[in-house]
Amino acid sequence: MPAHPLAARLIPWYAREKRDLPWRAPGFGAWGVLVSEFMLQQTPVARVIPRLEAWLERWPTPAALAADAPAEAVKQWANLGYPRRALWLHRAAAEIRDRHNGVVPRDVDALLALTGIGDYTARAVAAFAYGDRHPVVDTNTRRVIARAVHGRAQPAAPSRRDLDDMAALLPVAEAEAAVVNAATMELGAVICTARSPRCDECPVRDLCAWLNAGRPETPDLRRRQAKYEGSDRQARGAVLRALRDGGALPQEAVLPDWPDALQRDRAILSLLDDGLVETEDGVLHLPRS
DNA sequence: TAAGCGTGGCC
DNA sequence: TGGCCAAGCTT
């Protein structure tokens, strides 16, 4: 069976143009790929790279991470954002140690069963670390398919059908399938970008349904991001930063000057609920177990 | 299903 | 300047 026309264009383009990213190095390892995917969830590549290197130097295996306290993971996560990911990565490491003899699983269902791993990350690990043939769908993929295949300016709401759309592009051969997954993401990241797509440099421009239709504006069905300034999320971030920087603190010493004391207390309660913070005799600290 | 969840750079 | 955006997951 001949390759899908889009795949036939993406493969040589990717071979020529792909960025030299750490997790693409041969032999980077499944643990490294897994950590990179956790960090890359909603966080830009440029901010991940230095944190990833430091993380893997400190914890070269899942067992090494699991042997440390979750507080250490949260501190090492620093300002990458969404610190629940640090906690979940620590939990996943313990699950890998306990259920999989310390080896990152290859099976998608086993990966999906790990804390903090969903449809994207499970298939990304299976495809990029182990070379298996699975559709890998991230926000870049969904935008590329929306435009090139469906002729829409923006993707619709995420759906399980996205996996079928991507599967339709994959060559039969496993190694080539992994390349097409990576190349589709790469195209979305560097050419078919959200705001100002560089269609004149696109390797699939003559095949693109959206470009051929004259780049029509289509209804934007994406969810808007809530305002951050003044939000509970901002308060949570400030509380956690105080505990990362200051160690254990009596509750009344956490953000004493925060403009909205009720919001601060609400943030502390939700952090306790998430397990990102623990309390002992009125003293707050990062989780020790 | 849709909301909640950090942080910072860019245009 | 400030909204948009970034290799998503959980509930």
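These values consider heavy atoms only, across backbone and side chains, with no hydrogens, waters or symmetry-generated copies. In this text the structure is predicted, and so the values were computed from the model without any measurement. Residue numbers begin at 1 in each chain, while the letters A, B, ... track the order of the sequences.
- Between the NZ atom of A:Lys227 and the P atom of C:dG2 there is a distance of 8 Å, rounded to whole Å.
- For the P atom pair drawn from B:dG8 and C:dC9, the interatomic distance equals 23 Å after rounding to whole Å.
- Taking every side-chain heavy atom of A:Gln41 into account, C:dG8 is the closest of B:dG4, C:dA7, C:dG8.
- Between the side chains of A:Asn181 and A:His134, no donor N or O sits under 3.5 Å from an acceptor N or O.
- Atom P of nucleotide B:dC5 and atom CG of A:Leu269 are separated by 13 Å, given to the nearest angstrom.
- Residue-to-nucleotide contacts include a donor-acceptor pair under 3.5 Å from the side chain of A:Gln225 to the base of C:dA6.
- Within the nucleic acid shown, A:Arg222 comes within 4.0 Å of sugar-phosphate atoms alone, with no base atom in reach, counting heavy atoms only.
- In this structure, the nucleotide among B:dG6, C:dC5, C:dC9 sitting nearest to the side chain of A:Tyr82 is B:dG6.
- Inspection of the A:Arg143 and A:Thr193 side chains reveals no N or O donor paired with an N or O acceptor under 3.5 Å.
- For the OP1/OP2 pair of B:dA3 and a distance below 4.0 Å, the side-chain nitrogens and oxygens of A:Arg224 include no atom meeting the criterion.
- One side chain, A:Tyr120 or A:Glu37, offers a donor N or O that lies under 3.5 Å from an acceptor on the other.
- Contact annotation: A:Tyr228 reaches the phosphate of B:dT7 (side-chain N/O to OP1 or OP2, under 4.0 Å).
- Computed from coordinates, the A:Arg241 CZ to B:dT7 P distance equals 6 Å when rounded to whole Å.
- The OH-P distance, from A:Tyr120 to C:dA6, rounds to 13 Å in whole Å.
- For the pair A:Arg47 and B:dT7, the criterion of a side-chain N or O lying under 4.0 Å from OP1 or OP2 is not met.
- Only the P atoms considered, B:dG4 is 23 Å distant from C:dA7, to the nearest whole Å.
- Remark: A:Arg143 is in phosphate contact with C:dA6, judged by side-chain N or O atoms under 4.0 Å from OP1 or OP2.
- For a distance-only test at 3.5 Å, the side chain of A:Thr43 qualifies as a donor-acceptor partner of the base of B:dG6.
- On a pure distance criterion of 3.5 Å, a polar donor-acceptor pair joins the side chain of A:Arg84 and the base of B:dC5.
- The side chain of A:Gln42 places an N or O atom within less than 4.0 Å of a non-bridging phosphate oxygen (OP1 or OP2) of C:dG8.
- Between B:dC5 and C:dG2, the two P atoms lie 23 Å apart (nearest whole Å).
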Using the ring-ring contact (aromatic ring centres under 6.0 Å, His included) rule, take A:Trp77 and A:Trp55 through it: C-alpha gap first, then chi angles, then the decisive distance, then the call.
-> CA-CA 8 Å; A:Trp77 197 258; A:Trp55 189 283; 5.7 Å; yes

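- Distance, A:Ile49 CD1 to B:dG9 C1': 15 Å, rounded to whole Å.
- Side-chain atoms of A:Arg233 stay outside donor-acceptor range of the base of B:dG4, with no qualifying N/O pair under 3.5 Å.
- Distances shown here put a side-chain N or O of A:Thr121 below 4.0 Å from the OP1 or OP2 atom of C:dC9.
- Checking C:dC4, C:dA7, B:dG6 against the side-chain heavy atoms of A:Ala189 singles out C:dA7 as nearest.
- In terms of position on DNA chain B, the residue among A:Ala78 and A:Ala157 whose nearest nucleotide sits closer to the 5' end is A:Ala157.
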Decide side chain to side chain contact (heavy atoms under 4.5 Å, CB included) for A:Val45 and A:Leu21; before the verdict, give the C-alpha distance in whole Å, the side-chain angles of both, and the deciding distance to 0.1 Å.
-> CA-CA 9 Å; A:Val45 165; A:Leu21 300 173; 3.9 Å; yes

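- Phosphate contact (OP1/OP2 of C:dA7, side-chain N/O of A:Asn140, threshold under 4.0 Å): present.
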Please test A:Arg51 against A:Asn79 for side chain to side chain contact (heavy atoms under 4.5 Å, CB included), starting from the C-alpha separation and ending with a verdict.
-> CA-CA 9 Å; A:Arg51 291 291 169 198; A:Asn79 62 342; 4.0 Å; yes

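- Side chain A:Arg223 to base B:dG4: a donor-acceptor pair is found below 3.5 Å.
- In this model, no donor atom of one side chain and acceptor atom of the other lie less than 3.5 Å apart for A:Ser159 and A:Asp162.
- Considering only side-chain atoms of A:Arg236, the nucleotide from B:dG6, B:dG9, C:dG8 that sits closest is B:dG6.
- A:Gln234 places its CD atom 11 Å from the P atom of B:dG8, with the value rounded to the nearest Å.
- Look at CD1 on A:Ile117: it is 13 Å from C1' on C:dA7, rounded to the nearest Å.
- Rounded to whole Å, atom P of B:dT7 lies 14 Å from atom CG of A:Asp232.
- When distances are taken from the side chain of A:Asn79 to each of B:dG8, B:dC5, C:dC4, the shortest belongs to B:dG8.
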